[in-house]
There are 2 protein chains.
Amino acid sequence: MINFPFNCPFELTLELIGGKWKGLILWHLHDKKVLRNGEMLRLIPRITQKMLTQQLREMEENGLIRRVIYEQVPPKVEYSLTPHGEAIRPILEMMIDWGVEYARDKNIVIACTQEKD
Amino acid sequence: MINFPFNCPFELTLELIGGKWKGLILWHLHDKKVLRNGEMLRLIPRITQKMLTQQLREMEENGLIRRVIYEQVPPKVEYSLTPHGEAIRPILEMMIDWGVEYARDKNIVIACTQEKD
DNA sequence: ATATATAGTTACCTTTTGGTATGTACAGTA
DNA sequence: TACTGTACATACCAAAAGGTAACTATATAT
C-alpha cells in the first residue's frame, strides 16, 4: 500500500485525505457514525457510484474506515470510522474553519449543503 | 482565480494547500519568516526550479504568500507569509502530528529532513 | 416473466498534475 | 570576451486523478 518516499509527514497525511471526495465522506461519517453506500450517495449528490466506491476502498485500505458486509440479499454494507479515521476530525474542522474564513474574506461562494455541526 | 463549485469549505482549503510541495514551502516560511528562491531550493533538495516557481505563484495568487522584488542585478526576490498564510500553521501542525502518529502505527518510513520545531 | 432494491464493476476517455531539459536576462568580474 | 550569480520561463512529455456510461448479481415481490 503506502510506500512512497514522503518528504514530510504532511505529504503522508495529504496522500490519505487528499482525494476529491474524502473530506466530505469522512465528515459525514463523523456526523452519522455509520453509513451505507446509498445513504452516502444521497448525502453527496454530485458524487458518482464509481468515485464513492473508489474513495471508500482507498480509505479502507489505508485504515481510515471500516467496511462491514452483511450477507443478505439485497446486499447491505456499512461503513464507519476506525480510530485513525476518528483522529482526523480536528484536522477536518480546522480546514473547514480556515476555508470558511478565507472564502468570506475573498468573497468565494461555496455550494455547500452541509453545515459544520 | 478561485471560481470552482466547491462542495464544502474543506475542498477549498485542499485546493489551496494540496499541491505536492506547498506544505513544505509553507512550513519553511513559518520557520524562517522570509526566504529567497535559492534558499528554498537548498532547503527542499528534491524540488525543481519549475515546481518551486509554480507552487509559489499559485500561493501568491491565492493570497497565502507575498513576493517582494528588489530591483537589483543579480535579482533579489523575497517570499513571506500573508495573514492567511500564517493562519494555515495550526493545520500544518495537526497534519504533521497525525501523519507522524499514523506512520508510527503503520511502520511507514518518512524521508524527512526537517523537524517540527 | 418482469421489475425492484442494493452495492457494486468495467471500459474508456479527459483533465490535471508533476517532471525533464533547456533557454533567457543582465550587470559585474576575470 | 567569456563566465558567474540569481531568478526565472518555456516546450514537451508521462503519470495520476477524475468522470461518463453501461453492465453485473441475486433473492423477493408482482
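Just so we're clear, the structure is a prediction, and the values are computed from it rather than from any experiment. Lettering follows sequence order; numbering is per chain, from 1.
- Here the CD-CD1 distance, from Gln55(A) to Ile47(A), works out to 6.5 Å after rounding to the nearest 0.5 Å.
- Taking 4.0 angstrom as the limit, Arg36(A) places none of its side-chain polar atoms (N or O) nearer than this to OP1 or OP2 of dT6(C).
- Remark: Leu35(A) CG to Tyr79(A) OH distance equals 11.0 Å, nearest 0.5 Å.
- Regarding Leu52(A), its CG atom lies at a distance of 14 Å from the P atom of dT20(D), rounded to whole Å.
- Atom P of nucleotide dT6(C) and atom CE of Met40(A) are separated by 14 Å, given to the nearest angstrom.
- In this entry the distance linking NZ of Lys76(B) with P of dG28(C) reads 17 Å, nearest Å.
- Here Tyr70(A) lies out of heavy-atom contact (under 4.0 Å) with every strand.
- The nearest whole Å value for the distance from the CD atom in Gln72(B) to the P atom in dG28(C) is 12 Å.
- Applying the salt bridge (charged side-chain N to carboxylate O under 4.0 Å, His left out) test to Arg104(A) and every residue at least two apart in sequence or in another chain returns Glu101(A).
- One distance of note links CD1 of Ile88(A) with CD1 of Ile17(A); it measures 5.0 Å at 0.5 Å rounding.
- Atom pair Leu56(B):CG and dA9(D):P shows a separation of 10 Å (rounding to whole Å applied).
- Salt bridge annotation for Lys20(B)-Glu11(A): absent, with no cationic side-chain nitrogen under 4.0 angstrom from a carboxylate oxygen.
- Distance check: Ile110(B) CD1 to Phe6(A) CZ gives 7.5 Å after rounding to the nearest 0.5 Å.
- Closest to the side chain of Thr53(B), from the set dT9(C), dC8(D), dA7(D), is dC8(D).
- Nucleotide dC8(D) holds its P atom 13 Å from the CD atom of Glu39(B), rounded to whole Å.
- The phosphate of dG8(C) (OP1 or OP2) has a side-chain N or O of Arg67(A) nearer than 4.0 angstrom.
- What separates CG of Leu41(B) from C1' of dC8(D) is a distance of 11 Å, to the nearest Å.
- With DNA chain D read from its 5' end, the first of the two nearest nucleotides for Val73(A) and Gln49(A) is the one closest to Gln49(A).
- What separates CD of Glu78(A) from P of dT6(C) is a distance of 14 Å, to the nearest Å.
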Sequence-aligned protein contact record of nucleotides 13-22 of chain C, with B where the base is within under 4.0 Å of a protein heavy atom and S where only the sugar-phosphate is: -----SBB--
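- Thr82(A) contributes no side-chain N or O that, together with a main-chain N or O of Arg66(A), makes up a donor-acceptor pair within less than 3.5 Å.
- Within the structure, a side-chain polar atom (N or O) of Arg57(B) is placed less than 4.0 Å from OP1 or OP2 of dC8(D).
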